[in-house]
Amino acid sequence: MPTMGALHKAHSGLIRIAREYAGQKGELAVSIFVNPLQFEPGSDYERYPRPEEQDEGFCRNAGVDLLFRPTSAEIYADDRSVFVEETTLSSTLEGKSRPGHFRGVCTVVAKLFNILSPDAAVFGEKDFQQLVIIRRMVRDLNFKIDIVAVPTIREGDGLACSSRNEYLNLEERKQAVVLRRALLAAAEKAKAGEKSAKAIVDLARKMIGEASLARIDYVDLVDAENLQPVEIVRPKSLLALAVFFGRTRLIDNILLA
Ligand code: AMP
């Protein structure tokens, strides 16, 4: 189970599913690595939380068998020259907003797979595009690893759990619930028969726009399999968004029925 640490409730959920999947005799390894390669210049690499002792206790209490917490120098040679790059699914959503992000993700996940040789790996649907891209990498590069998807785990008020939530001040945290509300309202509209992607996206944008501290990066409707934009809502459409509250960028998504 690859993570960037600052472990929280959602990571516990993933650990539980990973443990179930591994079974009594299986061993569960968690990696913690804040991967410099997936942070674009000027993003939050330096300030990303790194509560090392707390994370270690968290893993111990959760019954993790192996905690793999390498340094950057252990993972990357100074003269590295080989990377793993997905070239189609990465062109939209996060990939469009964060150039190079998925090249960093694929490269580090491929390396972690090679180092730890797992039979299976768990990934969260909160990072939906990441999950789809990892599945594609596993298929296209013939990794013999099952990819297990875990539904998004949320706080009581609906905000998706994230290590980045701790950057939010009180007012930002209060307003951030609008993301889930907007996704649910848009999904309702689709369920009621609205077929126009623009109408669905406009509704979500309007609701988010009513939160004074929200600054939308994107709200897009894409096909959940190829992640390309759709104009007409169809089964397996994914509504995905990235929104800033102050300097904090949050993402979330919902699958439309
Ligand atoms: P991170 O430490 O944020 O890189 O996340 C490690 C793994 O946990 C990734 O597979 C994420 O998709 C997953 N994850 C993080 N937050 C959530 C959440 N709220 N619900 C489900 N999975 C999550």
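Just so you know, ligand 1 is whichever comes first in the structure, and atom 1 is the first atom listed for that ligand. Small disclaimer: the values here were computed from a predicted structure and weren't measured. Position 1 is the first residue of the sequence; numbering continues from there.
Ranking the protein heavy atoms by distance from atom 5 (O) of ligand 1 puts H11 NE2, 3.6 Å first. Taking atom 12 (O) of ligand 1 as the reference point, the nearest protein heavy-atom neighbour is D127 OD2, 2.6 Å. Taking atom 10 (O) of ligand 1 as the reference point, the nearest protein heavy-atom neighbour is G124 N, 3.0 Å.
Closest approach of E225 to L89, counting heavy atoms only: O-CD2, 3.8 Å.
The side-chain tip of R47 points at the ring of Y167 from less than 6.0 angstrom away and within 45° of straight on. Annotation: cation-pi pair R249/Y218 absent, no NZ/CZ under 6.0 Å from the ring centroid and within 45° of its normal.
Atom numbering of ligand 1 starts at 1 in the shown order; those under 4.0 Å from a heavy atom of A10 are 16 (N), 17 (C), 18 (C), 19 (N), 20 (N). Interface of P2 with ligand 1, defined as ligand atoms under 4.0 Å from a residue heavy atom, comprises 6 (C), 7 (C). Residue contact check: F123 has heavy atoms under 4.0 Å from atoms 10 (O) of ligand 1.
Each of R164, K126, R154 was compared with D252 under the salt bridge (Lys or Arg N to Asp or Glu O under 4.0 Å) criterion, and only R154 meets it.
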Inset, instruction - Give the intermediate values and the outcome of salt bridge (Lys or Arg N to Asp or Glu O under 4.0 Å) for residues D157 and R181. - result: CA-CA 10 Å; D157 62 5; R181 293 205 185 128; over 6 Å; no
Inset, instruction - Let me see the working for S97 and E94 under side chain to side chain donor-acceptor pair (under 3.5 Å), right down to the final yes or no. - result: CA-CA 5 Å; S97 281; E94 289 299 283; 5.5 Å; no
Legend entry - Residue pair R19, D65: steps toward the salt bridge (Lys or Arg N to Asp or Glu O under 4.0 Å) verdict: CA-CA 10 Å; R19 170 56 71 197; D65 297 300; 2.9 Å; yes
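Closest to atom 16 (N) of ligand 1 by heavy atom, among A121, C161, G13, is C161. For atom 20 (N) of ligand 1, the nearest non-hydrogen atom from the set L14, I17, V105, I153 belongs to I153.
Note on ligand 1: P151 sits in its first shell, one or more heavy atoms being nearer than 4.0 Å.
Residue M1 does not touch ligand 1, judged by heavy-atom distances below 4.0 Å.
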